[in-house]
Structures are given as C-alpha cells and as structure tokens.
2 protein chains.
Amino acid sequence: MTAPSTPAPRPTLEAVAAHAGVSRATVSRVVNGGAGVRSSLAGRVLRAVDELGYVPNRAARSLVTRRHDAVAVVIAEPETRVFADPFFAQQLRGISKELTAHDSQLVLLLVEGRDDYARVGRYLAGGHVDGALVFSVHLDDELPDIIRRSALPTVFGGRPDRGGECAPYVDCDNRGGAREAVRHLRSLGRKRIAHIAGPPDQTSAVDRLDGYRDVLPEADPALVARGDFTPAGGERAMRELLDRAPELDAVFAANDLTAAGALRVLHERGRRVPEDVAVVGFDDMEPVVEQTRPPLTTVRQDIEGMGRLMARLLLRGLERGGVRGAPCGDSVTAPASVITPTALVRRASA
Amino acid sequence: MTAPSTPAPRPTLEAVAAHAGVSRATVSRVVNGGAGVRSSLAGRVLRAVDELGYVPNRAARSLVTRRHDAVAVVIAEPETRVFADPFFAQQLRGISKELTAHDSQLVLLLVEGRDDYARVGRYLAGGHVDGALVFSVHLDDELPDIIRRSALPTVFGGRPDRGGECAPYVDCDNRGGAREAVRHLRSLGRKRIAHIAGPPDQTSAVDRLDGYRDVLPEADPALVARGDFTPAGGERAMRELLDRAPELDAVFAANDLTAAGALRVLHERGRRVPEDVAVVGFDDMEPVVEQTRPPLTTVRQDIEGMGRLMARLLLRGLERGGVRGAPCGDSVTAPASVITPTALVRRASA
DNA sequence: ACGGTGGGTGAGAGCGCTCCCTATCCTGGC
DNA sequence: GCCAGGATAGGGAGCGCTCTCACCCACCGT
C-alpha cells in the first residue's frame with residue numbers, strides 16, 4: 001500500500017505447483033474442478049492456492065481456451081429516456097446475478113446512436129466476449145441484423161423486429177397481458193374502453209395494442225389514441241380521448257407512465273377514478289404505481305426474472321456450443337425464445 | 001453463417017505479416033500506432049489488416065502487457081432503489097462514452113449485499129481490470145476499504161465516508177448547492193425555511209444538510225425533518241413539519257423525489273405553492289421535475305459530466321501509472337478529487 | 001573514402017495457461 | 001506372482017502477442 005512501486009507479484013500456476021510439490025498440469029486440473037486428481041493431492045494444491053493467494057490469469061486462460069467468460073450486454077439508444085428507465089436497471093440486476101453465478105463478466109455496451117453500430121458490430125465480431133444480450137427496442141432497427149451477422153451467440157431482450165422467429169429472445173407476454181387487462185375492465189362492466197398505445201415502432205407497444213384489439217375487435221377507432229410511453233404523452237392522449245369520446249368509462253394505458261399522465265388529466269377534468277373511469281396500466285413499475293392516486297391497477301411482468309432468463313438461455317447455449325448463427329428453426333443449437341407470463345395486479349384504479 | 005461448425009478462423013498477426021511481407025514485429029508496431037515504421041510499409045500493413053479483417057487478440061495482448069483496457073464499475077446495493085434511479089443510468093452513460101473513446105471496456109459489477117463484498121474484492125484484486133469506478137453511497141460502508149486494500153487504481157463516485165481525503169472521488173458541490181437553494185429562498189423573503197434531509201448515512205444528504213445550516217445556523221431545529229430520498233419519506237416528513245411548525249413558508253428538500261412527496265402533502269393540506277410555501281428540490285431529475293405541480297425549482301448537477309469526469313480521472317491516472325494505492329496526499333500519483341459545480345434552476349415552485 | 005550514427009526492421013524469447021501425450025502407479029484377474 | 005488396463009501425474013508444446021536486442025543500411029561528418 002505504502003509502496004506504490006510494488007507491482008504486486010501475482011503468483012502463477014508455476015509458483016503454486018512448486019509450493020505444492022506437483023506439476024503445473026495438476027494444479028491446473030485442481031483449479032478447474034479437480035477431476036482426476038487424488039483428493040489428498042488436490043487438498044495440498046488447494047492449500048497452496050490459498051496460502052499464495054493465487055488467482056488464475058484470465059488472459060492466459062482465454063488465450064488457449066478461446067473462451068472469455070464474458071458476455072456483452074448491448075443497450076441501444078440510451079439517449080432516449082429508455083435507459084434511464086428502472087426497467088433496464090432491473091433486467092441488468094437479473095443478468096448480473098446469473099452471470100456472476102457462472103463466473104462470467106458483464107461487459108456493458110451503451111450504444112449512443114446509429115453511428116455507433118459499426119463499432120459495436122466490430123467489437124462483437126472481434127471475439128472479445130462469448131456472447132451477447134441485446135436490447136434493441138425499435139422496429140426497423142439494423143442493430144439486430146448487424147449482430148446476427150457477427151455470428152456471435154446472442155439472446156435478445158424483447159421481441160426484435162424482423163426475424164423474431166430466428167433469433168432467440170425473451171419477452172413478456174405483452175399481448176396476453178393486454179388481453180387480461182382489457183378483459184378485467186370489461187368484467188367490471190365497462191362498455192367504452194379506450195386504449196392509449198405506445199410508440200408504434202416498438203414491438204411491445206404493438207403487441208399490447210394487438211392484445212386490446214383481440215378482446216375488442218369492434219372497438220370504436222376513436223377510442224384508441226397514441227402515446228409514447230411517457231407521462232406527457234399520456235396526458236396528451238388522454239385529452240384527445242376525452243375530447244373525442246367523452247363517454248369513455250375505462251382506459252387501458254400501454255404502460256404505467258402513460259397511465260400516470262392519463263390519471264392527472266382525468267382528475268383535472270373532474271372524472272373520478274375508478275368510479276367514472278377505470279384505469280389499468282402495464283409494467284407494475286413500483287415508484288410510479290405507488291405514487292399515483294389512486295394506486296394503479298396494472299399488469300406486472302417479472303423484469304428481473306426476464307434478465308436472468310436471458311442470461312441463462314445464453315449460457316446454456318454456450319455450453320452446448322450452440323446459439324451461434326444458427327439458421328432459423330434449428331432447434332438443436334438455438335434455444336427457443338421464451339415468453340414469460342404476466343399477471344394483473346389489482347389496486348384501486350380499476 | 002449457415003455452417004455453425006465453422007469456428008471463424010480469426011487471422012493472427014502472423015497472417016497479416018505474411019500477407020504484407022513483413023515481420024510480426026512490424027505489424028505489431030503499425031497496429032499500435034505505427035511509430036517508427038516507414039509510411040510506405042505501414043500502408044502495406046494497414047491494407048493487409050483491412051483485407052484480412054484482422055482484429056488483435058486482446059487476451060494475448062494483455063498476457064504480455066499486463067494491461068486489460070478494461071475498467072470495473074462497481075455499484076453497491078442495487079437492491080435499494082438507488083440503482084433504479086436514473087442517476088446511475090446517466091453516470092453510466094458518461095462513463096461509457098469516456099471509456100469507449102479510450103477503447104476501454106466497461107465491466108459492470110452489481111453488488112447485491114455485504115455478502116458479495118469479498119467476491120468483489122477478490123475480483124478487483126485478481127487483476128482482471130486496470131482500475132475501478134466505485135459507487136458506494138453509504139457511510140460506514142466497508143466496501144471502499146476493501147477496495148482500497150486491493151490496491152487497484154480507483155475513483156469513487158460521490159464522497160466516500162472515511163478517508164475521503166485519501167481516495168480520489170468526484171462529487172457535486174452538495175453543500176454549496178444547498179446553500180444556494182436556501183439563499184434563494186431567503187432572498188424571496190421567506191423567514192421560516194424548513195429542510196427535509198436525506199438519510200443520514202449518505203454523505204450527499206449530510207452535505208446538503210450542512211449547506212442548509214451554513215446559511216441558517218440559528219434555524220429552529222423543529223424546521224428540520226428527516227426523509228429518506230423517497231417520495232413517501234417526503235410526505236411523511238412534510239406532515240411532521242406542518243404539525244410541528246405550521247407557520248413555515250418554505251421547504252428545501254434534500255432531493256427531487258422528496259420534494260415531490262412534500263408537494264403532494266402541501267396540496268393536501270391546502271397550502272398553495274409557491275404563494276404560501278416555496279419549495280426547492282435537488283438533482284433536477286427530469287422525469288420528476290417535469291411532473292410535479294407546480295414545476296419544481298431545484299438544484300441541478302451535471303450527472304453525465306460527473307461520470308465522464310470519473311472515467312477521465314481514472315484513465316489519466318492509469319496513463320501516469322498512478323492512483324494505485326497512493327498514500328494520502330500524494331499528489332504526484334493520485335489525482336485530486338473533483339467537486340463539480342451545481343446550478344439553481346428556477347421554475348414555478350420557488 | 002571510411003568509420004560513425006541512427007532510424008527502421010527482423011529474430012526470438014517469453015507472458016501464464018491448457019491440453020495432448022506419455023510415463024508411472026496401483027488394482028485386479030488369471 | 002505376473003501382466004493387462006485403468007487411474008493419475010508430469011512433460012512439453014504452443015495459444016497470439018509485445019518487446020528487447022541485434023542487425024542492416026543509408027547517410028552524415030571529416
């Protein structure tokens with residue numbers, strides 16, 4: 001500590017071997033699980049490792065194994081407030097837990113804009129990581145294609161646009177959750193159920209709108225307004241809806257933030273919630289849901305669980321040497337996508 | 001792509017050398033800046049690199065250079081909603097930009113609880129990264145100590161508890177910002193200025209409270225209530241304050257979320273803002289500040305900038321071979337801490 | 001014209017690890 | 001009691017790169 005010039009002479013396998021009186025190969029075997037080593041010897045090696053404070057040199061190991069025990073997490077367009085969203089924080093937590101358990105590193109790649117795509121593609125193709133977990137929420141985004149071309153084992157977070165059937169992804173059951181929300185409103189006896197949709201260039205928003213339409217195929221088009229997943233967008237859309245269809249008695253908002261905005265406008269316009277208008281959101285985002293008045297009924301998804309699942313899917317694929325550039329439908333190497341269930345959480349707003 | 005068994009034969013330095021008709025050493029020189037190579041030759045090498053799509057093998061490089069071009073970002077206790085906070089997202093963005101510009105990787109370490117500290121310490125001491133950027137917001141947290149013991153070059157985000165004068169850190173001017181907020185309220189003619197403090201185990205909260213006291217050393221202790229940086233805490237504290245000191249005419253909240261909670265209670269109790277009670281927050285967190293009614297006057301800090309600064313400080317230290325376990329006050333190797341300025345943003349609430 | 005100078009280049013030794021292959025030991029079967 | 005054969009251990013090559021050092025050659029001064 002006090003001597004800044006001491007470069008901390010990290011012990012090598014060689015040193016451990018000498019200390020334990022065995023060969024490098026044996027130490028290596030012990031360090032990597034110890035299969036095929038007499039337990040008495042293994043014990044001696046372990047003790048030596050401990051006494052010397054030996055930590056394997058990852059670089060040397062990668063050099064020969066060609067694995068890196070590292071996974072890239074790519075988050076596109078953090079410029080938008082998308083990244084600031086607690087959503088990613090939770091997914092990251094899930095991913096982190098799973099990777100840590102597998103002794104893998106999490107390399108975070110924040111992509112600022114399309115200019116960066118080439119750099120990211122190069123990085124991924126550069127063979128510095130074993131796989132990638134990619135969040136790219138927008139339709140017609142070229143990032144998924146670039147990544148697929150890199151032939152790196154990949155799992156997407158959220159259904160990607162094109163070729164969703166090719167690339168494995170993890171997404172919640174947006175459509176099913178939306179159906180449940182709308183059915184709940186209908187079961188409450190509501191007749192004029194409106195929907196504030198999310199941005200039409202995001203698959204999650206599209207799927208939720210589809211779910212709404214599944215239940216209400218004949219719904220008046222005037223009952224659907226477009227939001228953008230933000231409270232401000234929710235306010236705007238709610239005003240539009242109230243002007244266009246003042247007789248509405250329920251709103252299914254594409255996410256909780258949108259619902260929060262809508263609630264404010266409803267109060268402003270003197271509509272009581274849930275008496276006059278029932279409101280349901282989507283996401284069950286704690287900090288939002290707890291702060292609305294009344295507390296928001298919403299569709300919950302297990303975000304952290306989705307993160308874990310993504311990581312698990314990728315790691316499992318890596319173990320089996322799969323995922324890599326698997327052609328569509330090659331279920332032998334490519335793990336199947338997973339749609340996680342959602343659950344309606346009833347609070348006071350509906 | 002279609003052949004999943006092709007292990008993508010990545011070209012090596014050797015291959016490039018052969019292709020360009022030079023030695024490995026020369027290619028290495030060119031790839032690493034090209035100093036001391038005739039430009040005609042360098043051109044030929046560059047062309048070969050391009051044609052073969054050569055990407056240096058990081059592992060092989062690290063093995064000999066003992067550098068990794070990787071920095072760990074340690075975020076402690078993401079369990080609390082701290083991590084979900086857009087705050088970290090923004091800092092990460094700043095850090096990511098800076099690291100990317102230096103061609104360094106960002107290895108994210110999410111620490112779940114004290115049980116994980118040992119693991120993190122081992123990882124950092126394990127020599128897999130060149131340095132660390134650490135966020136540990138709590139007082140009496142052992143993490144900073146553990147990390148300091150790892151002798152890894154480190155920059156802290158936010159003033160750490162003990163030995164803040166030893167470890168370089170980047171923090172905003174919490175105390176000065178608080179002073180400015182309170183002075184602003186005083187300049188508005190407010191006489192009974194209350195403060196809702198943050199959790200007393202976080203340096204930022206303590207510093208803000210200190211700033212309040214700097215300006216109002218004689219303030220009635222009944223005017224200070226304790227919050228916890230959450231809206232719920234803000235509500236609770238505001239109720240307390242109104243009960244204890246109903247004549248108060250201004251509130252300086254330790255952060256925006258707290259202010260949001262306080263605002264709700266003020267409305268509830270029929271106090272007009274800012275006419276009866278002026279309110280100032282801290283952070284200028286967009287999604288919050290925009291949604292309060294009235295829009296919140298607050299103290300802004302350049303969060304992304306702080307992230308960049310942390311990374312820059314660390315990288316600069318690494319270049320100079322410093323930061324590493326530098327004894328207190330060793331200004332030669334250890335970069336000094338940086339306190340970034342804050343700015344009052346006036347909106348309708350004060 | 002000749003030794004000196006120095007920029008430019010190549011040869012070669014490893015960095016720390018894994019893994020193939022061979023050497024050794026011990027066990028059991030006859 | 002002897003050998004086949006499995007279980008363990010060690011030897012050694014080499015992963016792809018950097019870096020020191022020796023070398024080469026053109027050009028300088030005298």
Side-chain angles (χ1 to χ4, degrees), chain A residues 7-46 48-49 52-70 103 105 125-130 321, chain B residues 7-46 48-49 52-70 103 105 125-130 321:
Chain A
R10 186 176 307 298
T12 71
L13 248 205
E14 187 87 47
V16 178
H19 193 83
V22 299
S23 72
R24 276 201 325 276
T26 299
V27 178
S28 175
R29 276 186 279 259
V30 171
V31 168
N32 291 291
V37 177
R38 224 179 332 150
S39 61
S40 61
L41 247 201
R44 223 162 73 212
V45 170
L46 252 17
V49 164
L52 266 47
Y54 169 74
V55 178
N57 181 321
R58 273 186 132 115
R61 179 180 285 172
S62 309
L63 186 56
V64 33
T65 60
R66 282 141 194 300
R67 285 181 312 105
H68 300 86
D69 294 318
D103 201 37
Q105 298 186 101
H128 308 306
V129 291
D130 300 324
Chain B
R10 186 177 306 298
T12 71
L13 249 205
E14 187 87 46
V16 177
H19 193 82
V22 299
S23 72
R24 276 202 325 277
T26 298
V27 178
S28 175
R29 276 187 278 258
V30 172
V31 168
N32 291 291
V37 176
R38 224 181 329 147
S39 61
S40 61
L41 246 198
R44 222 161 74 212
V45 170
L46 253 18
V49 164
L52 265 47
Y54 169 74
V55 179
N57 181 321
R58 272 190 137 127
R61 180 180 282 173
S62 305
L63 187 56
V64 34
T65 61
R66 281 137 197 299
R67 285 182 311 107
H68 302 85
D69 294 317
D103 201 36
Q105 297 187 100
H128 309 305
V129 290
D130 300 324

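In what follows, every chain begins at residue 1, and chains take the letters A, B, ... in the order their sequences are listed. Note that these values count all heavy atoms, side chains included, but never hydrogens, waters or copies made by symmetry.
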Rounded interatomic separation in angstrom, taking [atom1] from [X] and [atom2] from [N]:
X	N	atom1	atom2	result
A/Arg38	C/dT27	CZ	P	10 Å
A/Leu63	C/dT18	CG	C1'	10 Å
B/Asn57	C/dC17	CG	P	16 Å
A/Arg29	C/dC21	CZ	C1'	11 Å

Is there a side-chain contact between [X] and [Y] in this structure, where contact means two heavy atoms from C-beta onward sitting under 4.5 Å apart?
X	Y	result
B/Asn57	B/Thr12	no
A/Asp130	A/Arg67	yes
B/Val31	B/Arg61	yes

Please give me the minimum heavy-atom distance between [X] and [Y], naming the atom from each residue.
X	Y	value
A/Ala42	A/Val37	N-CG1, 3.9 Å
A/Ala20	A/Ala48	CB-CB, 3.8 Å
B/Gly126	A/Val55	CA-CG1, 3.9 Å
B/Leu52	B/Pro11	O-CG, 3.3 Å

Under 4.0 angstrom, heavy atoms only, what part of the nucleic acid is A/Arg24 near: base, sugar-phosphate, or nothing? base
Residues of residues 15-22 of chain B with any non-hydrogen atom less than 4.0 angstrom from an atom of DNA chain C: list those, numerically ordered, please. B/Val22
B/Val64 vs B/Ala25, nearer the 5' end of DNA chain C by closest nucleotide: B/Ala25
Note: for A/Thr26 and A/Ala60 on DNA chain D, the residue whose nearest nucleotide lies more 5' is A/Thr26
Spell out, as yes or no, whether a donor-acceptor pair under 3.5 Å connects the side chain of B/His128 to the backbone of B/His68. no
Using the heavy-atom set of chain A and a strict 4.0 Å cut-off, write down the first and last nucleotide of DNA chain D that makes it in, 5' to 3'. D/dT8 to D/dG16
